[in-house]
Amino acid sequence: MFSKAIVRQPCKNLINGLTSANLGIPDYSKAVTQHKQYINALLECELEVIILDAEERFPDSAFIEDTALLTPKCAIIMRPGEKSRKGETESIKTLLPSFFSNIEEIKSPGTIEGGDIMMAGSHFYIGISKRTNKNGADQLIKILSKYGFTGSTIQLKNMLHLKTGLAYLENNNLLIAGEFVNNKAFNDFNRINVPEEESYGANCIWVNDYVLVPGGYPKVKSKIELKGYKTISVDVSEFRKLDGGLSCLSLRF
Ligand code: CIR
């Protein structure tokens, strides 16, 4: 179970965030409203939500998940692969000692972003992507092993991050989309296949027996409900325009 989440308010400069989505420029005030609704959904799951101020220097800084990996035993500061995002870790480094006594950090030449890491129990799957390199993944696996965790890598083909197409919903249930559907590495999970036309809906988050689902993906939502979960829909259309989604908007621990 999680007790807390850290989020960062979207900055006005988010309209200049990185994207490959071709869905237009996000509407800042709509993004702020959607972010508030996201926070409300986390509160409904009984999390204490720590809300950090917007950081105008970093257009993508609302996607706070990419800056750290928080585990029950340690926090690990990431090293984002994209130049415009590297500085986002500074404020997280300052904050985390309030919550964690064991803090580790990925060092150069490793790059790694939190969106490429999926925790499934004590095992961590790490996507090798345009943002996360082998060196970053190897450093992470070495750190995790000090705390009794294991890790393995998954080569990405097209997706931005590992969790763009995967969400672990606990109880061995895995939501799986696109390029990961036929990947044998996930054969042992109870797989919930996401239909192609709703592939963005794969980026859900499990929070204390609820599953937050992006608004507008009814097939994904009903498949999750059929597994017995309570769902909460949150519209994140403005963040989708920047290739981001539900998981990217918080660090849960
Ligand atoms: C980026 O390209 O870095 C942002 N526009 C989106 C980051 C999304 N983060 C995530 O999936 N964990």
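Order of listing sets the numbers, starting from 1, for every ligand and every atom in it. All values below come from the heavy atoms of this structure, side chains included, with hydrogens, waters and symmetry mates left out.
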Trainee: When you check the gap from the basic side-chain N to the acidic O, do E82 and R85 get nearer than 4.0 Å?
Mentor: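 Salt bridge between E82 and R85, a charged N being under 4.0 Å from a carboxylate O: no.
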
Trainee: Sub-3.5 Å donor-acceptor pair from the side chain of T132 to the main-chain atoms of S129, do we have one?
Mentor: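 Here the side-chain-to-backbone pair does not exist.
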
Trainee: Examine Y168 together with Y125 and report whether their ring centres are nearer than 6.0 Å.
Mentor: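 Distance test on ring centres: not under 6.0 Å, no.
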
Trainee: Backbone N or O of E56 within a donor-acceptor pair of the N13 side chain at under 3.5 Å?
Mentor: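 Yes; at least one donor-acceptor contact below 3.5 Å.
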
Trainee: With a 4.0 Å heavy-atom cut-off (strictly under), which part of R85 contacts ligand 1: side chain, backbone, both or neither?
Mentor: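 The part of R85 near ligand 1 is the side chain, not the backbone.
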
Trainee: Can you find an N/O atom of D60 closer than 3.5 Å to an N/O atom of ligand 1?
Mentor: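 By distance alone, the answer is yes.
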
Trainee: Mark yes or no: K73 above the aromatic ring of F149, with NZ or CZ under 6.0 Å from the six-membered ring centre and no more than 45 degrees from the axis.
Mentor: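 Verdict for F149: a cation-pi partner in K73.
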
Trainee: Kindly confirm or rule out an N or O of E65 lying under 3.5 angstrom from an N or O of ligand 1.
Mentor: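 Such a contact does occur with ligand 1.
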
Trainee: Look at ligand 1 and say whether D243 reaches it with a heavy atom at a distance under 4.0 Å.
Mentor: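 In this structure, D243 qualifies as a contact of ligand 1 - some heavy atom is under 4.0 Å.
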
Trainee: Among all protein heavy atoms in this structure, tell me which lies nearest to atom 9 (N) of ligand 1, with the distance rounded to 0.1 Å.
Mentor: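 It is D66 OD2, 2.8 Å.
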
Trainee: Nearest protein heavy-atom contact for atom 8 (C) of ligand 1: which residue, which atom, what distance?
Mentor: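 The closest one turns out to be C248 SG, 3.5 Å.
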
Trainee: Under 4.5 Å between side-chain heavy atoms, counting indirect links through other Ile/Leu/Val/Met/Phe/Trp/Tyr residues: same cluster for V236 and V7 or not?
Mentor: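 Linked, V236 and V7 end up in one cluster.
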
Trainee: Under 4.0 Å, heavy atoms only, figure out whether ligand 1 is touched by the backbone of R131, its side chain, both or neither.
Mentor: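 Contact part for R131 vs ligand 1: side chain (C-beta onward).
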
Trainee: Which residue and atom name correspond to the protein heavy atom nearest atom 6 (C) of ligand 1, and how close is it?
Mentor: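 Going by distance alone, atom 6 (C) of ligand 1 is nearest to L242 O, 3.2 Å.
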
Trainee: Does R240 make a cation-pi contact with Y200 (under 6.0 Å, within 45 degrees of the axis)?
Mentor: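 Yes, R240 and Y200 form such a contact.
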
Trainee: Going by the atom numbers of ligand 1, which of them fall below 4.0 Å from some non-hydrogen atom of G115?
Mentor: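 The atoms of ligand 1 under 4.0 Å from a heavy atom of G115 are 12 (N).
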
